[in-house]
Structure formats: structure tokens, C-alpha cells
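Reading through the C-alpha cells given below for one structure.
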Amino acid sequence: MRKMVGRSRWQNNFSEWFNEIVQVAEIMETRYPVKGLYVWLPYGLKLRNHVISALKELLERTGHREVLFPLLIPENLFKKEAEHIRGFEGQVYWVTHGGHDRLDIRLALRPTSETAMYPMFSLWIQSHADLPLKIYQVVNVFRYETKMTKPLIRLREVTTFKEAHTAHATAEDAERQIREAIQIYKQFFDRLCIPYIITKRPSWDTFAGAVYSIAFDTLAPDGRTLQIGTVHNLGQNFSRVYDVQYERVDGSYEHVYQTCYGISERAIAALIMVHGDDIGMCLPPEFAPIQVVIVPIPYKDVQAPIEQTCTEIYERLKQAGLRVELDLRDLRPGNKYYYWERRGVPLRIELGPTDHANQRVTAVRRDTGERIHVPLDRVAERVPQLLREIETSMRRRAWEEFRKRIKTIASVDELQNAIHNRNVGRVPWCGNEKCGLEIEERVEGSVLGEELFTEAPKNRSCVVCFQQANKWLVVARTY
RNA sequence: GGGGUCGUGGGGUAGCUUGGUCUAUCCUGCCAGCUUUGGGAGCUGGUGACCUGGGUUCAAAUCCCGGCGACCCCA
């Protein structure tokens, strides 16, 4: 049996690895001549579409309806909510001209869509019967990043922003919606086999205009966390400004309570990085553009029958609903192995003279390198089974690796040490903003927030002020 | 926000310090042919590059300035 592929470059030269794989696996063309903009290639776009479908399915199943808003937002609407604009104004692209004419009102390329949508909400929502309103869209958004850009991770055009927006009659219902959103995102990332930690962002890192923000973070091989999803409770901050009111049963009026939540193509970045190794990607079968590749090994005297059998297998798997590719190119088998392995195809089926003589194929798992002989007449049942096994073990392995790198720690010094060693630190915290900010001063990481869905620390003292701690604060280097 | 390094065929590079036989090196890729096929085969032939704009100079891949782009470090 072949040993699992190494991960030294993946881990120690992650940035280089990532940039190379994104290109070599034909996810994106990174040479587009504008900073922070990239081209989706056919293979990458298929991957992207599968990811989008999975989330759409989860959103539709929970009563969200898809819409599509314009890209341009007039300045006066965009600037209505003071906090919101304060958070975004430094990174907005403005359209100032139409042809030769200077526009009277500048138009923003949406950095996010609250200010485009909520004026419409005020037209759409009249009575309590219109609530809750739950919509989403998958669009591009623009943010003028001044920092170094990186494909799929830090972009000036986020091309795959899956944003949901909801409106509710009561604060309680908005809270319920937050919990639903978290459940949806959990299921989504579970399907992607991406591990995550959920935190409530600290007050100084809340989404501009939100009451509070909750975020999902995963971990890159280089020890930085990657924010892959956010859920915001907007309270009535926006509905007051955009005058989104509804009429109650008793005839009185109230502003709606809102939430919004979004996921970008960072989910795809996570998919690539979390499951990668030194050769390249390894994609969970649900999302792999090609789930199975068949590689014939055509020795001269048996070439025709082997290719014939491969074609039959190909047809059979295709009929079983799998995304399968038959590689008949005139290349050596080894060359083809590397080719498909880099692209993350989860399962390879080889058929050579020995297999042929024994009426079997050799299946090779991308995640473990394990070789499995499958009788020809059982291929159609065994392959889907193997794909399920691959998914399960990919998910388990990813979570195991993730958990190992979340370190529970009792002092600031140890925290700095853990972060330095490419881990995520989890420290007892009193809940005071001052202590949180001091931690950011004293270690080379940032506060992700207070960990949610976990037991509060017992008999522990805050690592800064040594008062009774009631929360776990998660700290890491971040993207 | 501050500092630094760099830009040569599709990818990776040599050449730059000391300007001139650079008609630009090597590896890889790609195309054609032969030969091969159980982990990146071999041989032959072919294809293809000095980021951009200005400046210095008899002469610029090489020196200077701007732009665009890439990467790294610090806050």
C-alpha cells in the first residue's frame, strides 16, 4: 500500500503552495492585470458551483428565497447608516462618471448589500403578515483592499458572496433566526468537511452597523485562522434609518428586527487548504468537479480490451449519477496520476493487464493512497460506497487536526507561545473589553472573540486581570 | 499605516555588481514524429521572453525616476 502523501511544503510554505495549487489545479487564473481580481477557470467554476448549490439547498430548505439586487448603490442611500458607512467608506469603489458626464449622485459598487436592500424592504414590508422576510443572493461585491491580495482569500472583487438578509417582528424572532443561520452554516461546513470554531466577535470587531456579530473561523496550515462565515444581528439599527416598519395586529407600528449573514469564496479557499497535501488538492466527493477518474494501463497486447472495459465502467458509473472521467490521453499512467491528484479527484480507478486478467479494477483513494481491488461486477455499487467512506474520513481527519491545534491556555506568555507555534489559543477571560484589547497588545495575534457553544470556564481567572473568568477568549493570527 | 525585495518565453530561472559577440542560459511546459505505458519515460525536430512609460548613453535585460504588478517583514 502506498503511504499517504507528505505535507511539509503544504505546512511550511503554505503561501507558495496555495498560490501554485490554485493555478496548477486550474481553479483560477491569477495573472489578470488588476490587483485583487482573478479569473475563474472552468474546473474552478465547477467546484464553485457545487459549493453554491449546497448552500442554496440549505437556504431554500429553511424558507429563504433568492433575489438579485443591482450592483450600484446611490451615495445618499449608502451613507444613511452612520456606523455602517464608517466601517466601509475606506474601501468603497465609486462610479463617478457616466460616459463623459460627471454623475450628480455618485454610485457605490456594493461592498455588501444592506443599503441596497433595506430601502426596498420598507416598500415590501407593511404588516406583520409580511414577516419574517428571508431572502438571499449570490453576487459579487467590491472592496478596495489596500493590503496584499490573495486569490480566494483577500480580494478586491469578491465574486461569490452568498448573503442572506432577514426581517422579523420581534427581537426574539431575530434571535431565533440567528440560531437558524448558525445551524445552516454548521451543516454547510460539515458538508464541506471543514472544521470551524464559532465565536462572538468582540465589541471592537463587530460588523459595521450590527448589534453583535458571530463568526466561523477555520485554520490554515500556516497557523492563521480564516474567517469563513459571519452572522450578524442588526437589531433595529438599519430599520430605523431606512424606515422599515410593519403594522401590528393592534394597529400600532414598529420597526423590524433584522439579521444578515454571509459566506464568500473563502469557503472554497478553506476547502483547498484544509484538505491539501504536498501534491495538491483533495476534494470531498460532493464538491469535486470530477469524482472518479478512470486510468487505463494499456499494454500493447491488451490495449483494446482494456480500453473497452474502461469505457464500460465509465458508462456504468455515469449512469449511477457520478461525475466520472475516462482518461484516454496518450500519456504514461504515472503522469496521469499526478495530474488528477493535484486536481483533487477523490478516487482513481486503474485497469491494467493484471486487473484485466483477474476481472477487477484497482481503486486508489486520494486521501489515504489506499489501493483497493474491486471485482468488475461490483464497481457500480462499491465506488459510491468508497466515495462516502472518503468523505467521512476526510471530515474526521480535518477535525482531528483542527482540535489538536486549539490550545487551552492559562497565561498570556503561554498564549504568545502557542500562537507563535501556529496554534490557536483559548484563554479564560473576564469579559472586559479592556482585558481583551490588552491581550491583542501583548501577543502577535488578534482576538477572534468569545467561544460559543462551549462550557464556561470554572474557577479560572482572566489571563490579564486575574478576576473571575466567565468566558473563553479565542486568540490567533488571522488572515 | 511603516519598511524592504523583486519583475527575463506558458511556469521556474541564468545574465544585471563592472552597459557592448545577448543573435539572451538552463529546466519545465507546449507542438510534430518515433518509441513506450502498473508512479512525473526516452530520442529527434520545432515553438516561445527582457512588465510599462520616461530619462542617461554612441550603446540599456543591465544604470536612474515614475506607473502597474508580485512577494516578504514590522505595526
Side-chain angles (χ1 to χ4, degrees), chain A residues 1-6 9 12-39 41 89-91 144-157 204 222-224 277-280 293-307 309-310 326-343 345 347-358 360-366 368-374 416 419-420 437-447 477-479:
Chain A
M1 191 200 296
R2 181 170 164 275
K3 279 220 179 101
M4 233 161 82
V5 180
R9 201 163 88 88
N12 299 321
N13 268 316
F14 170 68
S15 190
E16 188 185 299
W17 177 91
F18 185 78
N19 288 336
E20 182 186 310
I21 291 308
V22 161
Q23 283 230 56
V24 137
E26 292 174 63
I27 304 297
M28 312 206 86
E29 172 56 74
T30 59
R31 292 167 298 183
Y32 191 76
V34 181
K35 181 180 168 70
L37 310 194
Y38 307 91
V39 181
L41 296 171
E89 66 183 347
Q91 32 180 341
Y144 179 72
E145 291 286 350
T146 53
K147 295 268 181 199
M148 197 196 304
T149 52
K150 200 174 188 61
L152 300 173
I153 292 176
R154 180 164 286 113
L155 306 157
R156 284 185 168 180
E157 181 188 10
W204 63 91
D222 63 359
R224 293 179 196 239
D277 61 27
D278 282 352
I279 289 180
V293 63
I294 303 168
V295 178
I297 298 155
Y299 279 84
K300 246 193 218 144
D301 43 335
V302 284
Q303 176 158 359
I306 280 179
E307 290 190 357
T309 309
C310 284
L326 172 55
D327 190 349
L328 292 174
R329 290 176 301 170
D330 186 24
L331 297 171
R332 310 263 300 210
N335 196 330
K336 295 182 185 178
Y337 299 165
Y338 279 94
Y339 181 91
W340 295 110
E341 280 168 0
R342 287 200 291 198
R343 285 163 177 74
V345 176
L347 191 69
R348 174 174 79 238
I349 290 176
E350 301 172 12
L351 204 161
T354 317
D355 298 313
H356 189 254
N358 292 296
R360 65 166 202 219
V361 299
T362 302
V364 185
R365 286 174 60 157
R366 172 68 179 92
T368 60
E370 192 182 351
R371 305 175 73 87
I372 302 140
H373 296 304
V374 180
Q416 165 57 24
I419 290 169
H420 189 76
L437 285 167
E438 188 175 330
I439 288 173
E440 286 197 339
E441 293 288 314
R442 289 169 56 186
V443 303
E444 55 182 306
S446 310
V447 168
R477 289 178 66 215
T478 62
Y479 265 104

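The structure displayed is predicted, hence computed values, not measured ones. For the numbers below, each heavy atom of this structure counts, side chains included, while hydrogens, waters and symmetry mates do not. Quick note on labels: first sequence line is chain A, next is B, and so on, each numbered from 1.
- With sequence neighbours excluded, the residues satisfying side-chain hydrogen bond (donor to acceptor under 3.5 Å, both in side chains) with Arg360(A) are Asp355(A), His373(A).
- Interatomic distance, Thr362(A) OG1 to Leu351(A) CG, rounded to the nearest 0.5 Å: 7.5 Å.
- Remark: P of C34(B) and CG of Asp330(A) are 10 Å apart, rounded to the nearest angstrom.
- Nucleotides C58(B) and C72(B) are separated by 42 Å at their P atoms, to the nearest Å.
- Applying the side-chain hydrogen bond (donor to acceptor under 3.5 Å, both in side chains) criterion to Gln416(A), with sequence neighbours excluded, gives Glu444(A).
- Between Arg332(A) and Tyr337(A), the residue anchored nearer the 5' end of RNA chain B, judged by the nucleotide with its closest heavy atom, is Arg332(A).
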Shorter than 3.5 Å, N or O on both sides, protein versus nucleotides 50-54 of chain B: list them out with atom names.
none

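- Between C51(B) and G7(B), the distance separating the two P atoms is 8 Å to the nearest Å.
- When every heavy atom of Leu37(A) is checked against every heavy atom of Arg156(A), the shortest pair comes out as CD2-CB, 3.9 Å.
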Self-check item: Thr30(A) and Val22(A): CA distance, side-chain angles, deciding distance, side-chain contact (heavy atoms from CB on, under 4.5 Å) verdict
Solution: CA-CA 8 Å; Thr30(A) 59; Val22(A) 161; 4.1 Å; yes
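- Taking the P atom of each, U18(B) and G54(B) are spaced 27 Å apart, rounded to whole Å.
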Quiz item: Taking only Watson-Crick and G-U wobble pairs with both distances under 3.5 Å, what dot-bracket line describes RNA chain B, where [ ] shows pairs that cross earlier ones and | shows pairs with another strand?
Solution: (((((((..(((.......[.....))).(((((.......)))))....(((((..]....)))))))))))).
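- Looking at Phe18(A) and Leu152(A), their side chains come closer than 4.5 Å, going by heavy atoms from C-beta outward.
- A salt bridge is absent between Asp327(A) and Arg348(A): the closest approach of a Lys/Arg side-chain nitrogen to an acidic carboxylate oxygen does not fall below 4.0 angstrom.
- A pairwise comparison of heavy atoms in Ile306(A) and Ile297(A) identifies CD1-O, 3.5 Å as the closest pair.
- Of all non-hydrogen atoms in Val374(A) and Ala363(A), the two that sit nearest each other are CG2-CB, 4.4 Å.
- U36(B) sits 30 Å from U13(B) when the C1' atoms are compared, rounded to a whole Å.
- Taking 4.5 Å as the limit, every side-chain heavy atom of Met28(A) sits out of range of all side-chain heavy atoms of Gln23(A).
- Glu89(A) pairs by the side-chain hydrogen bond (donor to acceptor under 3.5 Å, both in side chains) definition with nothing, not counting sequence neighbours.
- Remark: Ser446(A) engages no residue in a side-chain hydrogen bond (donor to acceptor under 3.5 Å, both in side chains) (not counting sequence neighbours).
- The CD-P distance, from Glu440(A) to C74(B), rounds to 17 Å in whole Å.
- When the C1' atom is compared between C50(B) and A14(B), the two are found 13 Å apart, to the nearest whole Å.
- Contact detail for Leu155(A) and Glu145(A): the closest heavy-atom pair is O-CG, 3.3 Å.
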Practice problem: Going 5' to 3' through nucleotides 1-6 of chain B, assign each nucleotide B (protein heavy atom under 4.0 Å from a base atom), S (under 4.0 Å only from sugar-phosphate atoms) or - (no protein heavy atom that close). | Solution: B-----
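- Between Arg477(A) and Asp355(A), the residue whose closest nucleotide on RNA chain B is further toward the 5' end is Asp355(A).
- Arg329(A) comes within 4.0 angstrom of no nucleic acid atom, judged by non-hydrogen atoms across all strands.
- You'll find the side chain of Asp277(A) reaches within 4.5 Å of the side chain of Arg366(A), heavy atoms only.
- Remark: P of G39(B) and CZ of Arg348(A) are 10 Å apart, rounded to the nearest angstrom.
- The NZ-C1' distance, from Lys336(A) to G38(B), rounds to 12 Å in whole Å.
- Going from the C1' atom of C27(B) to that of C64(B) covers 34 Å, rounded to whole Å.
- Cation-pi geometry between Arg329(A) and Tyr339(A) is satisfied (NZ or CZ under 6.0 Å from the ring centre, within 45° of the ring normal).
- Closest heavy-atom contact between Asp278(A) and Val5(A): N-CG1, 4.1 Å.
- Atom CD1 of Ile294(A) sits about 10.5 Å away from atom OG1 of Thr309(A), to the nearest 0.5 Å.
- Put simply, the side chain of Asn358(A) gets close to the backbone of Thr354(A): a donor and an acceptor are under 3.5 Å apart.
- Lys150(A) has its side chain within reach of Tyr479(A): a pair of non-hydrogen atoms, C-beta onward, lies under 4.5 Å apart.
- Less than 4.0 Å separates RNA chain B from at least one heavy atom of each of the following residues of residues 294-303 of chain A: Ile297(A), Pro298(A), Tyr299(A), Lys300(A), Gln303(A).
- In this structure, Arg342(A) and Ile279(A) approach most closely via the heavy-atom pair CG-O, 3.1 Å.
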Give me the distances for all protein-to-nucleotides 68-72 of chain B N/O pairs that come in under 3.5 Å?
from: G69(B); atom 1: OP1; to: Lys35(A); atom 2: N; distance (Å): 3.2
from: C72(B); atom 1: OP1; to: Ser15(A); atom 2: OG; distance (Å): 3.1

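- At least one side-chain heavy atom of His356(A) sits less than 4.5 Å from a side-chain heavy atom of Pro305(A).
- By the ring-ring contact (aromatic ring centres under 6.0 Å, His included) test, Tyr299(A) is found to be paired with no residue, residues two or more places apart in sequence or in another chain being considered.
- The same atom, C1', is picked in C16(B) and in C63(B); the two are 10 Å apart, to the nearest Å.
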Distances under 3.5 Å between nitrogen or oxygen atoms of protein and nucleotides 8-12 of chain B:
from: G10(B); atom 1: O3'; to: Arg31(A); atom 2: NH1; distance (Å): 2.7
from: G10(B); atom 1: O2'; to: Arg31(A); atom 2: NH1; distance (Å): 3.1
from: G11(B); atom 1: OP1; to: Arg31(A); atom 2: NH1; distance (Å): 3.2

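- Atom name P, nucleotides U21(B) and A59(B): the rounded distance is 14 Å, in whole Å.
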Short N/O separations, protein against nucleotides 28-31 of chain B, under 3.5 angstrom:
none

